[in-house]
J.: 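I'd like to ask some things about the structure below.
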Amino acid sequence: MRKMSYPYQITSFEAYQEAYQKSIEDPAAFWESVAEHFVWKQRWTSKDQVLNWNFTDPNIEWFKGAKLNITENCLDRHLAERGNQPAIIWEPNSPDEPHRIITYKKLHEKVCSFAQVLKNNGVHKGDRVCIYMGMIPELAIAVLACARIGAIHSVVFGGFSAQSIADRLEDAKAEFIITCDGAFRGAKDIPLKAVIDEALIGNKIVKRVIVCTRTHTPVSMIKGRDVWWEDEMKQVEERGNLFIEAESMDAEDPLFILYTSGSTGKPKGVVHSTAGYMIYTTYTFVNVFQYQPNQIHFCTADIGWITGHSYIVYGPLSAGATSLLFEGVPTFPDAGRFWDIVDKYKVNILYTAPTAIRSLMGFGLGPLQGKDLSSLKVLGTVGEPINEEAWHWYDEHVGKKKCPIVDTWWQTETGGCLISNMAGITPAKPSWATLPMPGVQLLLVDEKGEEIKAAADETISGNLCIKAPWPSILRTTYGDHERCRTNYFATYPGLYFTGDGALRDKDGNYRITGRVDDVLNVSGHRIGTAEVENAINMHAGVVESAVVGFPHEVKGQGIYAYVIYQGSQAQDSHGSGDLVRKDILQTVTRIIGAIAKPDKIQFVSGLPKTRSGKIMRRILRKIAEGETENLGDTSTLLDPGVVDEIKRGRR
Ligand code: WTA
């Protein structure tokens with residue numbers, strides 16, 4: 001039995017089973033009992049208010065009518081007991097620069113001051129604020145300050161291009177931007193403000209850009225539009241009033257928008273609401289990682305992704321934890337960076353992506369030597385399936401076989417972990433995400449949406465769906481509810497469809513086998529093949545393209561692009577086409593960002609299509625994977641000859 005430090009902390013396997021059972025029998029009663037342990041401005045008055053839903057519209061409401069502010073839960077409620085405890089420990093990109101420790105008291109002050117700055121700049125409840133910053137404490141402060149006044153934040157990862165930002169600004173109709181002059185990432189220095197300036201060419205909606213200093217890169221500051229973070233903060237702080245009242249929000253008011261890739265060309269703005277998201281991220285943070293007060297939690301994700309939102313900012317802070325925020329990359333200045341950080345701060349929980357583990361494995365055991373990792377208690381992974389080799393390396397060399405590893409499966413749309421073992425409480429199984437969290441009702445279906453039932457002792461395989469809402473399920477896709485319905489609730493009516501395939505073993509453990517739609521998972525980042533194709537097709541000379549994934553040793557999946565190119569350069573007299581390839585990569589970087597650059601580009605004269613003109617991706621995927629013999633049924637192909645050419649030209 002573990003120590004129960006939170007009233008809803010599960011401390012044994014039996015307690016997990018019991019909680020799961022209760023959560024299924026009476027979800028409203030179950031989550032009501034968890035919700036009681038949060039700070040509300042006005043509670044729900046009857047059990048009927050706890051949950052109302054249907055998956056047809058869809059319409060999902062948890063605690064609607066009750067009022068709260070998530071920042072009172074993340075900050076104010078901790079002040080009396082842990083005001084002087086570090087809320088955020090910030091480790092900069094370069095180990096030579098001093099780190100920063102921000103206590104709950106200080107963070108509360110800063111969030112209040114910056115909330116006042118937002119108000120002074122005309123930001124109101126419900127306004128959308130785009131945040132494009134590097135991993136500095138001010139990013140967390142900006143996010144929380146928006147929540148404090150009820151503005152809806154939309155954080156865009158610092159690796160996205162000006163074009164991607166412009167699209168997101170327009171979709172969200174955002175009038176405000178918070179950014180930095182630049183960001184440090186490893187040996188690179190990214191000019192964030194310059195990217196914003198480019199994104200704003202032709203934009204008539206954005207009224208104000210607040211710029212925080214980080215890299216001291218020269219930037220253009222446009223009169224009447226751009227202001228410095230530091231000047232604005234100084235004005236507020238000089239007045240000395242470091243408290244502002246938290247806006248009263250309905251439980252169902254939107255908290256944030258986060259854009260993510262789907263199978264269409266355009267990213268979707270996933271909308272999360274306030275109370276359900278808060279309750280579920282806190283609950284899973286405490287239970288999955290078995291957090292104990294005063295432990296140091298180090299999640300290596302960027303706040304630009306859902307993992308950073310839920311398990312660097314909201315979940316840990318709501319639980320009163322100490323969250324370590326790291327600006328850099330795992331291999332800078334060398335591949336021992338994570339281990340130095342664990343050693344320096346005596347980190348207790350390390351939560352990272354399989355890609356990072358595989359990349360560090362590649363450097364051998366040298367970087368681990370002489371690093372004291374004995375403070376580690378729990379290890380976690382997220383974002384993609386973890387292969388057994390990486391799992392065992394993590395277990396042996398990082399956890400020294402003493403730390404449970406939690407393999408957490410979830411999505412931007414789910415807000416928090418849905419399938420995972422609970423550290424030391426429920427059993428781990430290498431490369432299996434294992435069991436559902438309380439409140440999560442999973443099923444596997446076949447192509448037709450029929451539930452696949454297992455005979456005793458059988459492992460089954462199917463498309464992963466969910467029967468009923470958990471508190472942090474997405475509520476809509478911003479500005480287009482129909483899109484939310486068709487994307488998630490229409491493939492199998494009455495069910496939420498995850499887009500993932502999975503296996504379930506006789507003990508009820510789940511293993512995620514990967515996406516079954518046209519979405520790739522590259523280094524744990526979701527990228528839609530249609531988005532990459534659109535970007536490639538923007539390049540002058542490209543006639544058509546088809547993008548598929550292929551297994552990649554470090555990234556999990558790599559991006560393979562088949563391109564029909566018109567013009568002499570691709571097949572120039574040197575025959576290589578390398579310069580055109582580079583131009584195409586440059587175009588993709590411009591349109592989406594470097595994360596979407598194809599690893600391989602093959603020029604082809606045609607694509608395998610059916611008579612109705614549909615690209616047969618299955619064939620392209622097999623060839624990209626290196627399978628050239630068993631391509632399956634090719635009888636519906638319009639021109640089978642093209643397949644032989646593609647096979648010969650494989651890269
Ligand atoms: C994949 C990241 C296997 C999955 C939190 C999902 C995983 C997509 C795991 C969501 C895991 C995430 N094992 N696959 N533990 N975690 N995935 O929205 O395909 O960036 O649908 O959220 O990542 O990616 P997203």
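In listed order, ligands and their atoms are each counted from 1.
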J.: Counting from 1, what ligand 1 atoms have a heavy atom of Thr307 closer than 4.0 Å?
T.: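 Within the 4.0 Å cut-off of Thr307, ligand 1 contributes 5 (C).
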
J.: Just to confirm my output: which protein heavy-atom neighbour is closest to atom 2 (C) of ligand 1, and how far is it?
T.: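 I find the closest protein heavy atom is Trp410 O, 3.9 Å.
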
J.: Could you check atom 4 (C) of ligand 1 against the protein and tell me its nearest heavy-atom contact, residue, atom and distance included?
T.: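 Protein heavy atom at minimum distance: Asp500 OD2, 3.1 Å.
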
J.: Is there a polar contact between ligand 1 and Glu413, counting only N or O atoms under 3.5 Å apart?
T.: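 Glu413 vs ligand 1: no N/O contact under 3.5 Å.
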
J.: If we set the cut-off at 4.0 Å for heavy atoms, which region of Ile512 has an atom near ligand 1: side chain, backbone, both, or neither?
T.: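 Ile512 to ligand 1: side-chain contact only, backbone stays beyond 4.0 Å.
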
J.: Hey, would you say the Phe55 and Tyr496 ring centroids sit under 6.0 Å apart?
T.: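 No; Tyr496 has its ring centre 6.0 Å or more from that of Phe55.
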
J.: Among all the protein's non-hydrogen atoms, which is closest to atom 11 (C) of ligand 1, and how far away is it?
T.: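 Checked against all protein heavy atoms, atom 11 (C) of ligand 1 sits closest to Glu384 O, 3.5 Å.
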
J.: For Arg617 and Glu533: C-alpha separation, side-chain torsions, deciding distance, then whether salt bridge (Lys or Arg N to Asp or Glu O under 4.0 Å) applies.
T.: CA-CA 13 Å; Arg617 287 169 190 281; Glu533 287 164 7; 3.0 Å; yes

J.: Got the closest protein heavy atom to atom 16 (N) of ligand 1, with its distance?
T.: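 Of the protein heavy atoms, Gly383 N, 3.1 Å lies nearest.
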
J.: Any N or O on Thr408 sitting closer than 3.5 Å to an N or O of ligand 1?
T.: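 Yes: some nitrogen or oxygen of Thr408 is under 3.5 Å from one in ligand 1.
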
J.: To the nearest 0.5 Å, what is the distance between OG1 on Thr260 and CD on Gln411?
T.: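 The OG1 atom of Thr260 sits 8.5 Å away from the CD atom of Gln411.
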
J.: Quiz question: by atom type and distance under 3.5 Å, do the side chains of Asp171 and Tyr259 form a donor-acceptor pair?
T.: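 Looking only at side-chain atoms, Tyr259 and Asp171 do form a donor-acceptor pair, the distance falling under 3.5 Å.
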
J.: Considering heavy atoms of the protein only, find what lies nearest to atom 18 (O) of ligand 1 and give residue, atom and distance to 0.1 Å.
T.: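 Checked against all protein heavy atoms, atom 18 (O) of ligand 1 sits closest to Thr412 OG1, 2.5 Å.
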
J.: Is it true that His297 and Tyr291 have ring centroids separated by less than 6.0 Å?
T.: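 No - the distance between ring centres of His297 and Tyr291 does not fall below the 6.0 Å cut-off.
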
J.: Just checking, any donor-acceptor pair under 3.5 angstrom between side chains of Asp505 and Trp432?
T.: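 Note: Asp505 and Trp432 side chains miss the donor-acceptor criterion.
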
J.: For the ring pair His272 and His153, is the centre-to-centre distance below 6.0 Å?
T.: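 No; His153 has its ring centre 6.0 Å or more from that of His272.
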
J.: Relative to ligand 1, is Asn521 under 4.0 angstrom through side chain, backbone, both or neither, heavy atoms considered?
T.: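 It is the side chain that gets close, since no backbone atom is under 4.0 Å.
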
J.: Which bit of Ile306 gets closer than 4.0 Å to ligand 1, counting heavy atoms only: side chain, backbone, both or neither?
T.: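 For Ile306, only side-chain atoms sit under 4.0 Å from ligand 1.
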
J.: Please confirm whether Trp410 and Tyr311 have ring centers closer than 6.0 angstrom.
T.: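 Yes; Tyr311 has its ring centre under 6.0 Å from that of Trp410.
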
J.: Check each atom of ligand 1 against the heavy atoms of Val382 and keep those under 4.0 Å away; list them by number with element.
T.: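 Those qualifying, in numeric order: 5 (C).
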
J.: Verify whether the ring centers belonging to Tyr314 and His309 lie closer than 6.0 Å.
T.: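 When the ring centroids of Tyr314 and His309 are compared, they turn out to be at least 6.0 Å apart.
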
J.: Show the atoms of ligand 1 that are less than 4.0 angstrom away from any heavy atom in Asp407.
T.: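 Checking each atom against Asp407, I get 11 (C), 13 (N), 15 (N).
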
J.: Using the six-membered ring of Phe550, assess whether NZ or CZ of Lys600 lies under 6.0 Å from its centre and within 45 degrees of the ring axis.
T.: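 Relative to the ring axis of Phe550, which defines the angle, Lys600 lies inside both limits.
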
J.: For ligand 1, which is the ligand I care about here, please tell me if Gln411 has any N or O atom under 3.5 Å from one of the ligand's N or O atoms.
T.: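 Looking only at distances, the answer is yes, because the N/O contact criterion of under 3.5 Å is met.
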
J.: Should the proximity of Pro385 to ligand 1, defined as any heavy atom under 4.0 Å, be assigned to the side chain, the backbone, both, or neither?
T.: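 It is both parts that get close, each with some atom under 4.0 Å.
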
J.: Determine whether the side chain, the backbone, both or neither of Arg526 has a heavy atom under 4.0 Å from any heavy atom of ligand 1.
T.: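 It is the side chain that gets close, since no backbone atom is under 4.0 Å.
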
